[in-house]
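Step one of this worksheet: look at the structure below.
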Number of protein chains: 2
Amino acid sequence: MRKESSTNAFNEKHIIDSCGMAYTVGLIGGRWKPAILCRLSNKTMRYSELNRDIEGISERMLVAQLRELENDGIVERQVYPEVPPRVEYRLTSLGETLRPVLASMSDWGNMHREPVAANMQEAETMHA
Amino acid sequence: MRKESSTNAFNEKHIIDSCGMAYTVGLIGGRWKPAILCRLSNKTMRYSELNRDIEGISERMLVAQLRELENDGIVERQVYPEVPPRVEYRLTSLGETLRPVLASMSDWGNMHREPVAANMQEAETMHA
DNA sequence: CTCATTTCTTACTTTTTTGTAAGTACCTAA
DNA sequence: TTAGGTACTTACAAAAAAGTAAGAAATGAG
């Protein structure tokens, strides 16, 4: 939970308000958001797909990050009134404007780190 | 300090190895790195300048973040053998390759958040 | 009525990041 | 000899982020 009155929270707000880069990092940063956005950048996915696809993520984290992305207007959540439930996540139109930014980050990362087998596939799909 | 054996540390490594975007975010993310990179993107600065210019940062944080950027090969540190000491920080050539990425993040951020007076100047200088 | 499936919640613990405050080293100039 | 400027360190405390484990709702199938 966040403590509105902390120096930390104050600093965060201030930086976000005075630096566009910090604002962007705030939206897409964190442990799991890149992994989520990377995937939703390519296609709509349902909750269980994301959960299976992103190795090591817990449901708590997955939901929390999706909610944040949703609240920030980057991702949208579509619920189908079925049982068992089906919920799909995709980029909003705002989220789509982020795509080139995400792609440039992804490309830079893939270019400048030691090549690891696991990335090969990802590196390709990002710019398919 | 980091606990190498934690699930958290393991997950971080794994994601960084499997997602270029996560790798990039890992390098430039965090509370103060955007503010630092934003400035060093434009010009070489000495320690005290950064310290004055980045409102609210503590010396501990400034040094820590600069060290990380240095260890990651993005920023370089030049010490002049003078008294009182003079230390300058600038982007390395690897850091320069990051500039367009940083700029696109900065631009996106400035474009998509409520315009705040403080940003006007920054938004201009970024693409001068 | 009980089970299975999917998409979450909730309460609690551990780990990581950030902040605070004080101190250090170096030389120079007064 | 003492004060001053710059660039840090260090030890400790607070806050935030992430992990763990268990549970809950809704409903159709058997």
Side-chain angles (χ1 to χ4, degrees), chain A residues 1-16 22 25-36 45-71 75 77-89, chain B residues 1-16 22 25-36 44-70 75 77-89:
Chain A
M1 211 164 286
R2 317 214 78 219
K3 202 164 181 181
E4 288 305 317
S5 60
S6 68
T7 302
N8 191 319
F10 176 80
N11 282 338
E12 183 179 17
K13 263 184 203 163
H14 179 74
I15 294 181
I16 279 177
V25 167
L27 293 188
I28 69 182
R31 172 78 73 256
W32 300 104
K33 281 181 188 171
I36 294 172
M45 289 175 81
R46 46 189 300 198
Y47 176 84
S48 52
E49 284 184 283
L50 285 165
N51 195 208
R52 264 193 303 275
D53 213 43
I54 302 175
E55 250 183 281
I57 198 171
S58 67
E59 305 212 323
R60 179 174 123 53
M61 276 297 116
L62 179 53
V63 175
Q65 305 293 73
L66 285 169
R67 288 286 179 281
E68 284 187 22
L69 291 168
E70 201 190 344
N71 291 334
V75 155
R77 176 172 178 267
Q78 185 173 9
V79 185
Y80 294 84
E82 302 173 356
V83 168
R86 178 156 64 107
V87 180
E88 287 184 351
Y89 292 92
Chain B
M1 215 162 287
R2 315 212 80 216
K3 202 164 183 180
E4 289 303 318
S5 60
S6 69
T7 302
N8 190 321
F10 175 80
N11 282 337
E12 183 180 17
K13 264 185 203 164
H14 179 74
I15 294 180
I16 279 178
V25 167
L27 293 188
I28 69 182
R31 171 80 72 257
W32 301 104
K33 281 182 191 172
I36 293 172
T44 294
M45 288 176 82
R46 47 191 297 197
Y47 177 83
S48 55
E49 284 184 282
L50 286 165
N51 195 210
R52 263 193 304 275
D53 212 43
I54 302 175
E55 250 183 280
I57 199 172
S58 67
E59 305 212 326
R60 178 172 126 49
M61 277 297 117
L62 180 53
V63 175
Q65 307 291 74
L66 285 169
R67 288 288 178 279
E68 285 188 22
L69 291 168
E70 201 191 343
V75 155
R77 175 171 178 269
Q78 186 172 10
V79 185
Y80 293 85
E82 302 173 359
V83 169
R86 178 158 62 109
V87 180
E88 289 185 350
Y89 291 92

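Here is how names work: the chains are called A, B, and so on, in the same order as the sequence lines, proteins then strands, and each is numbered from 1. Values below: all heavy atoms of this structure, side chains included; hydrogens, waters and symmetry mates excluded.
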(message) Closest-nucleotide mapping onto DNA chain C: is B:G30 or A:N51 further toward the 5' terminus? I mean the 5' end.
(response) A:N51
(request) Can you tell me the distance, in whole Å, between the CD atom of A:Q65 and the C1' atom of C:dT7? (result) 17 Å
(message) C:dT6, OP1 or OP2 - any side-chain N/O from A:R46 closer than 4.0 Å?
(response) no
(message) side-chain contact (heavy atoms from CB on, under 4.5 Å), that's the test. Do A:L50 and A:L66 meet it? Break it down for me.
(response) CA-CA 10 Å; A:L50 285 165; A:L66 285 169; 4.2 Å; yes
(request) Take the protein atom CE of B:M45 and the nucleotide atom C1' of D:dT6, then report the distance between them rounded to whole Å. (result) 15 Å
(message) Side chain of B:V63, heavy atoms from C-beta onward: which of C:dC8, D:dT6, D:dT9 has the nearest atom to it?
(response) D:dT9
(request) Quickly work out the A:I16 CD1 to D:dA16 C1' distance and round it to whole Å. (result) 14 Å
(message) Quick check for you: among D:dA16, C:dT18, D:dA7, whose closest atom lies nearest to any side-chain atom of A:S6?
(response) D:dA16
(request) Using five pairs at either end of the helix from C:dC1-D:dG30 to C:dA30-D:dT1, determine the angle between the two local helix axes and round it to 10 degrees. (result) 30°
(message) Whole angstroms only, please: what is the CD-P distance between B:E70 and D:dA7?
(response) 14 Å
Could you go through nucleotides 25-30 of chain C and list every protein N or O atom that sits under 3.5 Å from one of its N or O atoms, giving the distance for each pair?
none

(message) What is the distance, to the nearest angstrom, from the CD atom on A:E12 to the C1' atom on C:dT16?
(response) 15 Å
(message) Starting the side chain at C-beta, find the nucleotide from D:dC8, C:dT18, C:dC8 nearest to A:R77.
(response) C:dC8
(message) Can you list everything that forms a side chain to side chain contact (heavy atoms under 4.5 Å, CB included) with B:M61? Sequence neighbours excluded, please.
(response) B:W32, B:I57, B:S58
(message) On DNA chain C, does the nearest nucleotide to B:R31 precede the nearest nucleotide to A:R67 from the 5' side, or the other way round? Give the residue.
(response) A:R67
(request) Mind calculating the distance between OH (A:Y47) and P (D:dA26) to the nearest angstrom? (result) 18 Å
(request) For the side chain of B:S48, starting at C-beta, report the closest nucleotide among D:dA7, D:dA18, C:dC8. (result) D:dA7
(request) Quick one: list whatever passes salt bridge (Lys or Arg N to Asp or Glu O under 4.0 Å) with B:R60, sequence neighbours left out. (result) none
(request) With sequence neighbours left out, write down each residue that passes side chain to side chain contact (heavy atoms under 4.5 Å, CB included) with B:V87, or none if nothing qualifies. (result) B:R77, B:V79, B:Y89
(message) Holding to salt bridge (Lys or Arg N to Asp or Glu O under 4.0 Å), I want the full list of residues that pass it with B:E59, two or more places apart in sequence or in another chain.
(response) none
(request) Using the test side chain to side chain contact (heavy atoms under 4.5 Å, CB included), find all partners of A:E55 that sit at least two apart in sequence or belong to another chain. (result) B:H14
(message) Going by the rule side chain to side chain contact (heavy atoms under 4.5 Å, CB included), which residues pair with B:V63 if we only count those two or more places apart in sequence or in a different chain?
(response) B:Y47, B:R67
(request) Can you sort out the partners of B:R52 under salt bridge (Lys or Arg N to Asp or Glu O under 4.0 Å), two or more places apart, ordered by chain and number? (result) none
(message) Looking at B:Q65 and B:L62, would you say the former's side chain and the latter's main chain have a donor-acceptor pair under 3.5 Å?
(response) no
(request) Mind checking A:Y89 for me? I need base, sugar-phosphate or nothing, with any heavy atom below 4.0 Å counting as a touch. (result) sugar-phosphate
(request) Would you mind telling me which residue lines up with the more 5' stretch of DNA chain D, A:W32 or B:V87, judged by nearest nucleotide? (result) B:V87
(request) Could I get the full list of side chain to side chain donor-acceptor pair (under 3.5 Å) partners for B:E70, not counting sequence neighbours? (result) none
(request) In whole angstrom, give the distance that lies between atom CD1 of A:I54 and atom P of D:dG19. (result) 12 Å
(message) My understanding is that only residues two or more places apart in sequence, or in another chain, count here; which of them pass side chain to side chain donor-acceptor pair (under 3.5 Å) with A:R31?
(response) B:N8
(request) Measure the distance from CD on B:Q78 to P on D:dT6 and round it to the nearest whole Å. (result) 18 Å
Provide a list of protein-nucleic acid N or O atom pairs under 3.5 angstrom, restricted to nucleotides 20-24 of chain C.
{"residue": "C:dT20", "atom": "OP1", "partner": "A:T7", "partner atom": "OG1", "Å": "2.9"}
{"residue": "C:dT20", "atom": "O4", "partner": "B:R60", "partner atom": "NE", "Å": "3.1"}

